[in-house]
Amino acid sequence: MSEVILKCDKLTMRFGGLTAVRDFSIEIKEHMIFGLIGPNGAGKTTAFNMITGNLTPTEGKIHFYGQDITGLKPYKIVSLGMARTFQNIRLFSNLSVLGNVLTGFHHKLKYNLIDAILRTPRFYKYENEMKEAGMALLESVRLADKADFKASELPYGERRKVEIARALATGPKLLLLDEPAAGMNPQETLDLMYFIREIKDKFNLTVFLIEHDMKFVMNLCETIAVLDHGVKIAEGKPEEIRTNPDVIKAYLGDINA
Amino acid sequence: MKIDRNNILTILAILVFFLFVWWGSNHLTAYAVRVWEDTLIFLMLSAGYNLINGVTGQFSLEPNGFVAIGAYVTAILILTPAQKESMFIIEPMVPWLANLHMSFLPALIIGGIVTAFVGFLLGFPVFRVRGDYLAIVTLGFGLTIRVVSNNTITITNGSLGLKGLPTYTNIWWCAVWAVIAMIVIMRIVDSAFGRAMKAVRDDEDAAIAMGINTLWIKQIAFVTAAFFEGVGGGLLASLITIISPTVFTFFLTFELLIIIVVGGLGSMTGTALATVVVVWGSELLRVVEQPMNIFGLHIPGIPGMRMVVFSILLIIMMIFAREGIMGQKEFSWDWIFNKIKGKRA
Amino acid sequence: MLKVKDLNVYYGVIHAVKGISFDVPNGKIVTLIGANGAGKSSTLKAIAGLVKPKGSILFSDKEIIRHPAHEISKLGVALVPEGRRVFINLTILENLRMGGFNKKISELEPLYEKMFELFPILKERAHQKAGTLSGGEQQMLAIARALMSEPDLLMLDEPSLGLAPLIVSEVFDILRELNKQGRTILLVEQNAAQALKLADYGYVLENGAITLEGEAKGLLENDEVRKRYLGED
Amino acid sequence: MKRLLSSLVAVAVALSFLASASFAKEIKVGVVWPITGLVAAFGQSAWKGAQLAHSMKPATKDGCKIKLILLDNKGMKLETANAVSKLITDNHVKAIIGAITSSNTMAGAPIAEKNHIPMITSSATNPLVTKGKKYISRACFIDPFQGKVAAKYIWNNLHAKKAAVMIERDQDYSVGLAHAFMNAYKKLGGKIVAVEFFQSTDQDYSAQISDLKSKNPDVIYMPSYYQELALFSRQARQYGLNQPIMAGDGAEAEALIKIGGKAVNGLTFTTHFDPHAAATPLTVTFVKAFEKKYKTSPDAMAALGADAYFILVNAINEAGGCKATPKKINYYVRHTKDFKGVTGVITINPKTGNAIKSAVIRKVKDGKFVYVTTVNP
Amino acid sequence: MDLTIILQQLVNGVSLGSLYGLVAIGYTMVYGVIRLINFAHGDIMMVGMYFAFTGIAMMFLPWWAAFLLSMLASALVGVIVDRVAYKPLRNASRISALITAIGVSFFLENSFLVIYGGVPKAFPIPSVFNGAINIHSVIFPNIAIITPIVAIVFLLILLFILHKTKYGMAMRALSFDIDTVRIMGINVDLVISLVFALGSFLAALGGIFWAMRYPAINPLIGIMPGLKAFAAAVLGGIGSVTGAALGGFIIGVTEILVVALFPALAGYKDAFAFLFLIFVLLFKPTGILGEDLERGRF
């Protein structure tokens with residue numbers, strides 16, 4: 001039914017003598033929510049950084065919509081339609097909420113430096129267009145009333161939403177979320193779950209996320225992969241993962257303990 | 001440009017400023033005019049410097065190098081071939097430069113463009129490092145420019161320097177260029193490019209993740225700064241009429257650094273205020289070196305005390321008031337009107 | 001053992017902890033639970049002396065508020081910081097030595113033995129750099145390091161953070177064991193279920209204030225807690 | 001912050017009023033010298049000389065008090081220009097003494113020239129300083145003269161046919177003087193067998209020394225400052241390079257002997273005066289007073305600083321004391337004739353503003369500077 | 001260029017390099033614990049020179065006593081500088097701290113200018129360090145041979161302190177995390193003071209030997225060697241003491257050898273350290289022995 005949009009083929013990342021990720025292969029199909037779980041230090045974020053171009057894999061290939069993106073600069077990968085958030089929410093703390101979102105439009109900016117300096121009609125036209133689009137985006141994530149707030153003034157949960165909105169502004173087809181529920185209480189986590197589902201439909205997205213919170217992943221993701229010591233030890237539907245003996249041994253333990 | 005309240009007010013403010021310049025050039029003492037000339041040139045230099053250091057958050061220490069390049073290029077272009085011939089006593093100047101001669105405005109602009117180009121080339125290696133490393137590498141660049149100007153004798157006349165430059169620079173040249181620099185830089189800051197620069201400052205990795213080509217953004221800031229620092233160098237050269245490798249030392253960079261910190265990193269209007277405070281302040285501090293009588297107590301002048309006091313004031317300021325005058329805030333018409341209406345800024 | 005009264009922590013204009021009061025009785029495990037940003041970590045840092053709070057903190061009936069952190073440590077309060085913060089550039093043995101910084105040389109040897117007994121994994125790798133340990137092992141080391149000063153009160157900041165569920169239970173087992181040996185523990189956790197199962201008494205923090213407190217068993221049954229912190233409907 | 005600054009400014013302004021309040025009948029003379037910065041040593045020395053000269057002659061004949069206002073230029077060009085400007089328009093000085101180095105003087109000169117304020121420099125020896133200027137004069141000789149004196153001395157007295165030159169590449173003083181010397185020496189028929197470069201604060205000269213050894217000159221001319229001269233001499237002797245060394249006025253400092261020790265024995269240099277080979281009666285009284293006040297002999301900078309002052313006071317005298325206008329003062333500065341100053345008999349060329357005066361050759365002998373000869377222009 | 005000259009130059013380079021190394025150690029240690037480029041460190045060199053000068057030339061102390069006292073007094077100056085100027089800025093942004101450091105540097109330079117005057121002082125060289133020895137017609141100045149030996153001895157002492165004493169261990173731990181060291185019951189301010197004391201002590205030692213190579217001291221003399229020593233510290237990998245020493249040796253030796261082998265480039269000598277540094281940073285941004293102090297960006 002749907003096309004494979006991200007394909008990782010035997011990705012390996014070594015830092016000096018340390019192998020952080022070994023032979024990591026996955027395929028993500030359009031419109032799915034894919035989860036990657038594993039303890040701290042298992043190599044989840046490293047895998048993420050390879051896909052987004054922050055790290056170049058020592059070995060292996062990454063294909064995005066069939067195009068080889070291995071080793072491309074991160075900002076180029078963004079313009080191809082891939083956006084990410086960070087584990088510890090990295091907003092531009094001195095920009096307003098709207099300003100944060102507007103940075104997401106930068107890679108498709110339609111005026112140049114001369115327009116900005118001379119304040120040409122083109123500058124005003126596109127600057128206004130961007131602001132309207134930014135407001136519309138904030139509207140759709142119900143943050144429009146906070147548009148003028150400094151990002152650092154918002155509470156934690158809303159900052160996470162702003163970060164996601166900012167990523168959406170880049171116009172992604174694939175959204176990568178690095179531990180979106182970290183630091184949230186169960187209530188907020190639940191809200192976030194609905195939120196992710198909502199934007200996925202609204203913006204026609206494919207979502208790839210890393211998470212710790214088992215309940216969150218199990219409820220949200222259609223497919224889950226488990227990483228342990230840099231190696232993928234399992235992949236499958238939530239119920240398969242829950243009962244997979246390897247996963248239980250290496251990661252979950254007795255989940256009801 | 002759109003005709004709205006803010007733009008009209010800005011134009012009015014600029015007119016008032018030029019009115020002040022006109023009044024000053026006729027009524028102020030030559031010394032005061034002189035210090036205002038310094039102030040305006042320094043405003044241009046520090047506005048550019050703040051763009052790269054404050055707005056884009058790339059802590060660099062290169063301006064003395066850029067100013068030197070601009071000064072040399074402008075000086076070479078405005079000196080007559082005859083002057084150059086009499087000056088280059090060690091080795092003659094390379095012929096294609098020796099015969100080049102032009103008027104001040106094109107010389108300044110070429111000075112700015114050459115500096116901008118050097119900045120552009122320099123940007124590629126230096127922006128591969130961040131933070132303190134960037135500071136030290138750019139500091140090395142300023143030093144390297146001095147060493148190079150000492151050694152490329154057929155271009156710079158080595159340690160003898162270039163002397164007897166025509167004095168074109170006056171308060172009008174300084175004022176017009178300072179206004180141009182402020183307008184250009186503030187417009188860049190208040191555009192998508194400025195937002196991207198601030199994004200790079202706040203979190204470079206996140207900016208990359210937003211699809212921003214951060215090297216490019218840093219280059220825009222760096223090259224713009226270099227252009228204005230080059231032009232400022234040209235203005236300085238014609239103001240002091242003599243340049244040599246020792247003119248543009250690290251102390252110049254340090255003074256600019258103080259200005260942008262006093263004004264508030266990232267705030268252009270703060271920079272403008274701070275330039276006035278620092279340039280005039282350091283002139284006023286001359287007092288501490290004069291012998292003086294306070295309530296009958298005679299204090300002999302202690303040579304060198306000015307710099308001691310200056311450095312102590314700086315340390316005290318960094319400890320107690322390090323946000324500077326404006327912080328990261330910017331003076332703006334909206335801010336004033338909101339203030340009047342009592343709205344949230 | 002520890003009596004906190006009307007504790008306030010400010011970061012600039014942000015009021016992170018708003019006048020909370022709680023007790024940690026001798027030999028008990030007390031837990032503070034709450035969401036990110038509720039002020040749990042700030043409370044621990046205030047007790048340890050890493051931030052400058054207002055209010056009163058009595059430790060063994062001695063006022064320790066505004067004491068420098070190293071003085072508080074010498075009085076017998078040890079903190080296992082959030083994210084473990086083991087010295088990755090030092091060996092495991094050196095990490096332990098840092099924990100027992102104010103001990104005499106002669107006192108150290110038996111303490112090392114004790115730690116190796118408690119955490120056998122550390123003994124095997126005593127001379128390796130701590131950076132080579134896995135997350136769970138680093139957590140063990142961080143606890144061992146804190147124990148090296150033989151503290152009367154052991155405080156832990158989110159010991160389960162980022163660990164595999166398997167390792168989390170291991171860590172909590174160790175805490176239970178330590179408590180059995182008589183150690184007083186103040187535990188800050190987001191993992192409310194685990195923490196309440198372990199603790200004797202619990203406090204729920206929300207936006208810098210205590211909204212609920214009670215016997216841990218009682219809190220586990222509390223509807224509000226179940227809904228908000230255990231994620232059960 | 002803002003309050004701190006504004007109160008600071010207020011205090012500064014109040015103090016400056018206190019400082020500049022004046023009641024007596026006086027004429028103001030500005031002094032712009034480097035008191036801090038890289039060349040502070042010279043400025044401080046010259047200031048000592050000028051202060052002493054002032055105490056010896058604090059007023060003109062008609063009782064008009066001379067008031068010296070010293071501004072520090074930090075050895076920087078921009079600061080020099082500002083200071084000159086401030087002296088002229090804020091302090092209303094009638095004449096200016098300054099600045100030590102040629103390049104700094106040249107940065108201040110256009111402003112004095114524009115405002116028709118006479119400026120007399122004590123020690124800027126570069127020919128360009130006064131070139132084309134009507135209000136700039138100097139109390140010292142110029143580089144080509146000094147270079148010529150050295151060349152003549154080497155050619156006539158040392159009978160050296162082959163000379164090597166050591167140039168301090170980053171000092172315009174050294175580069176300028178070296179070229180003046182080479183031109184004069186070649187004209188006399190001498191041969192330059194080697195030109196070696198080095199830099200200020202270089203610690204090691206072994207590469208240059210080995211090259212000089214292979215070129216085997218009769219004499220080494222090294223127009224540099226005393227630190228480098230002393231260090232070079234030591235290493236040259238250590239490595240067995242024993243040719244005589246000739247230097248310029250930068251050599252003259254006690255530190256040359258302290259650092260150089262035995263190695264600088266025999267080092268010969270051209271300079272402005274010798275405190276113990278009295279050129280004029282003023283030399284004797286000045287040196288005596290200087291030694292009494294500062295417990296050390298005056299160096300050339302101090303003597304020249306004093307001379308600049310004396311020449312100026314003399315001109316003010318002629319120009320009518322307190323009634324003197326800058327224009328008149330300048331006229332008499334430029335028409336200084338056979339003035340018996342500290343450093344010798346000085347005549348200023350009315351057209352160029354350059355001093356015509358004799359140079360002195362001194363050398364180091366047994367750890368002391370001794371007089372060799374005087375060379376008249 | 002014959003072999004004896006190369007050998008001579010090599011000894012010279014090693015001697016110069018060991019001075020850079022001594023000064024670089026202070027930069028690297030301070031940077032390691034509080035992430036501050038201590039711009040005033042080069043000026044501590046100058047302070048050391050003037051103290052030693054005062055001891056010998058004005059108080060007529062025996063040279064070894066003057067040297068030792070100078071190093072101790074300079075260590076004290078380093079500690080005071082930290083307590084007064086840097087400590088209040090521990091939690092401030094890096095740029096504030098750096099500007100303060102530049103301010104301290106200007107303060108030291110100008111107050112010594114006011115106290116001692118700008119006229120360079122002739123540094124009295126004790127006779128032990130004077131003279132030269134002649135081995136097979138190759139001449140080695142005594143100072144060029146003594147300097148590296150002294151430098152290595154002090155480096156070994158420092159390494160012993162860092163690796164075998166508990167305060168040394170605390171210093172290494174500090175470079176990782178300040179707050180965690182605090183909760184170990186360690187008086188962090190005391191440890192940082194110790195770092196400044198050690199660094200300043202070595203800088204003064206470097207300064208004294210520098211003054212014996214170039215015995216005309218002025219208040220601005222510390223700037224250039226200070227900058228190069230910092231370049232050496234970065235080159236060796238900031239945070240690493242052995243790296244700093246190694247970086248110093250490399251910069252000193254290449255500086256001298258390049259001048260000796262390519263005299264045409266001699267004029268570019270002062271820029272060389274920085275060009276070298278840029279080159280290294282481009283290919284190994286953490287320096288030769290450095291670890292990535294910014295680790296954990298993602």
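Sequence lines set the chain letters: A, B, ... in the order given, protein chains first and strands last, and positions in each chain run from 1.
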C/Met148, C/Glu94, C/Lys74: which one forms the most heavy-atom pairs within less than 4.5 Å of chain E? C/Glu94
Using a cut-off of under 4.5 Å for heavy-atom pairs, which of C/Met98, C/Arg145, C/Arg97, C/Lys45 has the most such pairs with chain E? C/Met98
Between [X] and [Y], what is the ring plane arrangement, given parallel below 30°, perpendicular above 60°, and tilted in between?
X: E/Tyr27; Y: E/Phe230; result: perpendicular
X: E/Tyr86; Y: E/Phe196; result: tilted
X: C/Tyr203; Y: C/Phe22; result: tilted

Would you name the heavy atoms of C/Thr31 and C/Ala195 that are closest together and state the gap between them? OG1-CB, 3.6 Å
Does atom [atom1] ([X]) have a neighbourhood of more than 12 heavy atoms from anything else shown, all under 6.0 Å?
X: C/Lys40; atom1: NZ; value: yes
X: C/Gln181; atom1: CD; value: yes
X: C/Lys3; atom1: NZ; value: no

Identify which of E/Val188, E/Ile183, E/Asp189, E/Ile186 forms the greatest number of heavy-atom pairs closer than 4.5 Å to chain C. E/Ile186
Determine which residues belonging to residues 56-72 of chain C lie within contact range of chain E, meaning some heavy atom pair is under 4.5 Å apart, and list them by number or answer 'none'. C/Ala69, C/His70
